[in-house]
Protein chains: 2
Amino acid sequence: MTTTTIPEVVVLRLPLYVRVLAALEGRGQGVVSSQELGTLLHATPAQIRKDLSYFGRFGKQGRGYQVSNLLKELRHIMGIDREWSVVLVGVGQLGSAILTYGGFAPQGFNILAAFDADPSKHGAAIGNVLVQDIAQIKSEAQRLGVHIGIVAVPVSHCQRVVDLLVDCGIRAILNYAPYQPTTPPGVWVRDIDPVVALQSMTYHLKTAEDQW
Amino acid sequence: MTTTTIPEVVVLRLPLYVRVLAALEGRGQGVVSSQELGTLLHATPAQIRKDLSYFGRFGKQGRGYQVSNLLKELRHIMGIDREWSVVLVGVGQLGSAILTYGGFAPQGFNILAAFDADPSKHGAAIGNVLVQDIAQIKSEAQRLGVHIGIVAVPVSHCQRVVDLLVDCGIRAILNYAPYQPTTPPGVWVRDIDPVVALQSMTYHLKTAEDQW
DNA sequence: AACAACGTGTGAAAGTAATCACGAGGGTCA
DNA sequence: TGACCCTCGTGATTACTTTCACACGTTGTT
Ligand SMILES: NC(=O)c1ccc[n+]([C@@H]2O[C@H](COP(=O)([O-])OP(=O)(O)OC[C@H]3O[C@@H](n4cnc5c(N)ncnc54)[C@H](O)[C@@H]3O)[C@@H](O)[C@H]2O)c1
Ligand SMILES: NC(=O)c1ccc[n+]([C@@H]2O[C@H](COP(=O)([O-])OP(=O)(O)OC[C@H]3O[C@@H](n4cnc5c(N)ncnc54)[C@H](O)[C@@H]3O)[C@@H](O)[C@H]2O)c1
């Protein structure tokens, strides 16, 4: 058995592949070439083929890839052909918006519980969940069999909340606080920070301006 | 004049450098070594030094970097020592949340106007801005001298809205729709999609599970 | 003043990732 | 059936990134 370990860049691209394949399927397209996928993904055909070849041989020479089949395979590879249990920590402005956002559940990410440190929020119902005391998180997380945590607390609390989630056995964390928490090996973190995204663009805007 | 072009990976890291330097400054720390920065950024000291060396020689041997000075320099390099004018397109659930989020203005990103296609939203005041008709965007963007656009419309409208922004002369776009729009060269786009972030983690969760 | 400890800046080396380019098949149609 | 056009999968190549390792300046100590 030849288990090559997959480059992380490839793993980061897989969800994008799934996203466009799902769009193609929704549009009723049966077959797609690496050429066409490349155009849709702003990547070269060679990169698409190389990426997919890490996982198997899904295409047919002379034709391309069968959309529905490739989609099914990739979903399985990524582990998104199943449901994942998610908890949210921090039910403020952002946390409330996340709870009412309808984009997670259809993708198999079910936010089963929400926790906050502020007692005045406990018992409130937002989206489909009841806000609970953060002190309850360990027992609840274990009871619910939670896989993933979403962090929406102020920067100053980010690290301690992440530590808490790790202590609950959670090994994947989506972090909205503008801070990179430290985690033990085997715990995955993705940070979302729109300000950082904006700032990496102003560098280019400025640089374009500068060459007068 | 030796103008090496800066690797994009480096540009993407600069905002993170600024973020931790600002925290260090706020905490009153005067000097920092590449070693310590590396720890805070989960990077090697060598990488920090190499990254900074693209832009100049900011450190002092045997000591490290003066926090406030390095911060000032990086802010200037990134073009975030000034104000940027931003418009939002799509004032729905997410768009409204963005308008009321207090995290952009302190970093110099001023959302000056918001546009929506739905007439029933026109005239509404959300955050500090009035929602206007999308038809007005070109004249308004030009009047306001807008640099950056934020897109929060449904996927189906993403490409056309992006095209519109480009037509307004905007060359930096923060896109929240789960779709990668096509843009002409010289236009910068950053996509934010929490689902994609989650999906790239489930791959690892699944893989960890699989090795029983 | 000599020495030790420290930490930068940077070429060189090692490690990753993207692209090239081509053999091998699949599909189509006369 | 065979000629021709497509497009995959992949080793080889090229390009890019990270890490190494050390000369050299700075600070502090005796
Ligand atoms: N990435 C993004 O798109 C984005 C957008 C908005 C806000 N943010 C960030 O998200 C975070 C929250 O922002 P917000 O506007 O919702 O702030 P907020 O103050 O409205 O909400 C924070 C919530 O976290 C709770 N909290 C604090 N410490 C806690 C703890 N230890 N355990 C559990 N709950 C705790 C508070 O009680 C509060 O309800 C901030 O870090 C902010 O910078 C990110
Ligand atoms: N990345 C994220 O964190 C995140 C979170 C939530 C939603 N989203 C995405 O953001 C988008 C908006 O989500 P939402 O929940 O706010 O949806 P929504 O339906 O509440 O809002 C969309 C708004 O866009 C407006 N709109 C549509 N077409 C337009 C056009 N051509 N010009 C101007 N305005 C137009 C609509 O009138 C509506 O007000 C969706 O693509 C969604 O998937 C992303």
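Residue numbers start from 1 in every chain, and the chains themselves are labelled A, B, ... in the order their sequence lines are given, proteins ahead of strands.
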Please report the distance, rounded to the nearest Å, between [atom1] in [X] and [atom2] in [N].
X	N	atom1	atom2	value
B/L37	C/dG7	CG	P	12 Å
A/H42	C/dA18	NE2	P	16 Å
A/I6	C/dT16	CD1	P	14 Å
A/Q66	D/dC8	CD	P	14 Å
B/F55	C/dG9	CZ	C1'	15 Å
A/I48	C/dT19	CD1	P	10 Å
B/E36	C/dC6	CD	P	15 Å
B/L41	D/dT18	CG	P	13 Å

Do other residues, nucleotides or ligands put more than 12 heavy atoms under 6.0 Å from A/H76 NE2?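 No, NE2 of A/H76 has 12 or fewer neighbouring heavy atoms, counting only those of other groups under 6.0 Å.
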| message | Go nucleotide by nucleotide along DNA chain C from the 5' end; which of A/D51 and B/F58 gets its closest nucleotide reached first? | response |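 Counting from the 5' end, the first nearest nucleotide belongs to B/F58.
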Quiz item: When you match B/G59 and A/V9 each to their closest nucleotide on DNA chain C, which lands nearer the 5' end?
Solution: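 Of the two residues, B/G59 wins.
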For nucleotides 20-29 of chain D, 5' to 3', base contacts (B), sugar-phosphate-only contacts (S) and non-contacts (-) with protein non-hydrogen atoms under 4.0 Å give BB--BBSS--
**OP:** Give a yes or no on whether the backbone of B/M78 and the side-chain of A/T202 come within a donor-acceptor separation of less than 3.5 Å.
**Re:**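 Checking the backbone N and O of B/M78 against the side chain of A/T202, a donor-acceptor pair under 3.5 Å is found.
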Are any side-chain N or O atoms of A/D116 and backbone N or O atoms of A/G90, one a donor and one an acceptor, separated by less than 3.5 Å?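 The answer is no, because no donor-acceptor pair under 3.5 Å joins these two groups.
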Show the nearest heavy-atom pair for residues B/Q142 and B/C168, with the distance to one decimal.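 Scanning both residues completely, I find the closest heavy atoms to be NE2-O, 4.1 Å.
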Check your understanding: Under 4.0 Å between a side-chain N or O of A/R57 and OP1 or OP2 of C/dG26?
Key ->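 So the side-chain polar atoms of A/R57 never come under 4.0 Å of the phosphate oxygens OP1 or OP2 of C/dG26.
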Give a yes/no on whether any side-chain N or O of B/Y54 is located under 4.0 angstrom from OP1 or OP2 of D/dT17.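 For D/dT17, neither OP1 nor OP2 has a side-chain N or O of B/Y54 closer than 4.0 Å.
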Q) Between A/H147 and A/W84, how do the two ring planes meet: parallel, tilted or perpendicular, split at 30° and 60°? A)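 Answer is perpendicular, since the angle exceeds 60°.
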Practice task
Describe the nucleic acid contact of B/P7 in one word from base, sugar-phosphate, nothing, applying a heavy-atom distance below 4.0 Å.
Solution key: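 The residue B/P7 makes sugar-phosphate contact but no base contact.
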With no hydrogens and no angle check, do the side chains of A/Q47 and A/D51 hold a donor and an acceptor under 3.5 Å apart?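 Looking only at side-chain atoms, A/D51 and A/Q47 do not form any donor-acceptor pair under 3.5 Å.
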From C-beta outward on B/S53, which listed nucleotide comes closest to its side chain: C/dT10, C/dG7, C/dA18?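 It is C/dT10.
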**Asked** Does A/K206 come within less than 4.0 Å of A/E209, counting only side-chain N to carboxylate O?
**Response**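 The answer is no: the pair does not qualify as a salt bridge.
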